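Data block below; observations after.
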Amino acid sequence: DHDAVTETQKYTVPVLSILPQTMPIIERNADTNNLVAHVVGNFGRLSAVKLEDNSGEVLWTQTVHHGGIPTILGDSILLSSPGHFSAVDKITGSVNEFFTGNISGGGSNTIVADESRQQFYTFEDKGTTEGIKLSAWRYNSHDDISLLWEKSANGLGYPGSGLPIDAAGYLYSSFGDTIKKLSPEDGSVVDSEIFPGFDFLRTGGAILNDNTLWASTSLRTYAFDINTLSMIRSVPGTRGNGNTNFKSIGALDESHFILNYGRFADSHGFDVYAPEPATFSLLALGGIVFLGLRKSRDMDTERKRKRKK
């Protein structure tokens, strides 16, 4: 843990997970009021770590199949990997593997959840019999999860790319030259738009914030209006289709888009875009060093470029 003001390290908590494989998810538990980090590490180890002001404690460690960034819904931490979908109880660490196929290993996909509908979605290879499916699941409780509907992944994308969800519950696919908007009721396509000459990335799915969907090709990164699916701007740069641990095209907050370049030797770390006017301070994160600001010709933004040494 680090002090938010001084950025100095306050303490460390040893966990069995050797090396975290994804970013942890931090949540304050409504029942216990504990601030808890859920960390996925090597060998499928998931740990719950209580974070206090001056110390931390591992509450439990459970072995599960590898499963992307944890997703929290109700009393459970949801994880998926090829052939294995699991719900892990947040308090006890008990595992409900609610789907088991005839394959294991390979990549993993982060589950997206719709809290208002109490349902969530896996976009994963279910096995040699069922193949790759987009599946919607009803979450009643940790031990009561049932399949609502599912459809083939044909024309939607590849496992691991993920499908973002908007505030109304619609899912979005960027695959080939087409963006599709999918109904939460049955997965049907309610709207789509073709962009001739585009070929959206296979290893980095789209991300969404408010009414803007961001998706990349091997050449550029684009922003689309989710209400019309029309392109509203583009920015130079893309992470490409490289196979790195962090496959997302970037990250978002209320006023910034962070374009991720993946973890490649001698490549950019990331670029940060923000609407003008904006003021940025000098940053240095590990091997990523701030170099300067310049305006993008394609977007009314200021660009903060960081490079890896």
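All of these numbers come straight from a predicted model, not from anything done at the bench.
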Any Arg28 side-chain heavy atom under 4.5 Å of Asn33 side chain: yes
Val49 backbone acceptor or donor facing Ser47 side chain under 3.5 Å: no
Show me the donor-acceptor pairs, under 3.5 Å and distance only, between side chains in residues 186-198 and residues at least two apart or in other chains.
| residue | atom | partner | partner atom | Å |
| --- | --- | --- | --- | --- |
| Asp186 | OD1 | Ser188 | N | 3.0 |
| Asp186 | OD1 | Ser188 | OG | 2.7 |

Shortest non-hydrogen contact from His84 toward Ser104: NE2-OG, 2.6 Å
Partner set under side-chain hydrogen bond (donor to acceptor under 3.5 Å, both in side chains) for Asp143, not counting sequence neighbours: none
Listed partners of Asp166 passing salt bridge (charged side-chain N to carboxylate O under 4.0 Å, His left out), at least two apart: none
Pairs involving residues 78-103, ordered by first then second residue, that meet salt bridge (charged side-chain N to carboxylate O under 4.0 Å, His left out) (sequence neighbours left out): Glu27-Lys90
Ile226 vs Lys181 side-chain heavy atoms within contact, under 4.5 Å: no
Phe85 side chain reached by Ile111 side chain, heavy atoms, under 4.5 Å: no
Sub-4.5 Å side-chain heavy-atom contact between Thr128 and Ile103: yes
Nearest heavy-atom neighbours spanning Gln119 and Pro184: NE2-O, 3.1 Å
Worked verdict on Ser116 versus Asp114 for side-chain hydrogen bond (donor to acceptor under 3.5 Å, both in side chains): CA-CA 6 Å; Ser116 64; Asp114 185 339; 2.7 Å; yes
Derivation and outcome, side-chain hydrogen bond (donor to acceptor under 3.5 Å, both in side chains), residues Thr122 and Trp137: CA-CA 8 Å; Thr122 56; Trp137 304 84; 3.0 Å; yes
Derivation of the side-chain contact (heavy atoms from CB on, under 4.5 Å) call for Leu134 and Glu150: CA-CA 5 Å; Leu134 169 62; Glu150 63 183 5; over 6 Å; no
Parallel, tilted or perpendicular, as decided by the 30° and 60° cut-offs, for the rings of Tyr121 and Trp149: tilted
Contacts of type salt bridge (charged side-chain N to carboxylate O under 4.0 Å, His left out), residue Arg138, not counting sequence neighbours: none
Counterpart residues, salt bridge (charged side-chain N to carboxylate O under 4.0 Å, His left out), relative to Glu115 (two or more places apart): none
Shortest non-hydrogen contact from Glu124 toward Ser80: OE1-OG, 4.1 Å
Which atom of Ser230 lies closest to which atom of Thr228, heavy atoms considered: OG-OG1, 2.6 Å
Side-chain touch Leu147/Phe99, heavy atoms, less than 4.5 angstrom: no
side-chain contact (heavy atoms from CB on, under 4.5 Å) between Phe98 and His142, worked out: CA-CA 10 Å; Phe98 58 90; His142 172 71; over 6 Å; no
Min side-chain heavy-atom separation Phe120-Thr71 under 4.5 Å: no
Spatial distance of atom CD (Glu185) from atom CZ (Arg117) [nearest 0.5 Å]: 5.5 Å
Any side-chain heavy-atom pair of Leu156 and Leu182 under 4.5 Å: yes
Phe175/Phe123 aromatic ring centres below 6.0 Å: no
Close side-chain approach of Thr217 and Asp199, heavy atoms under 4.5 Å: no
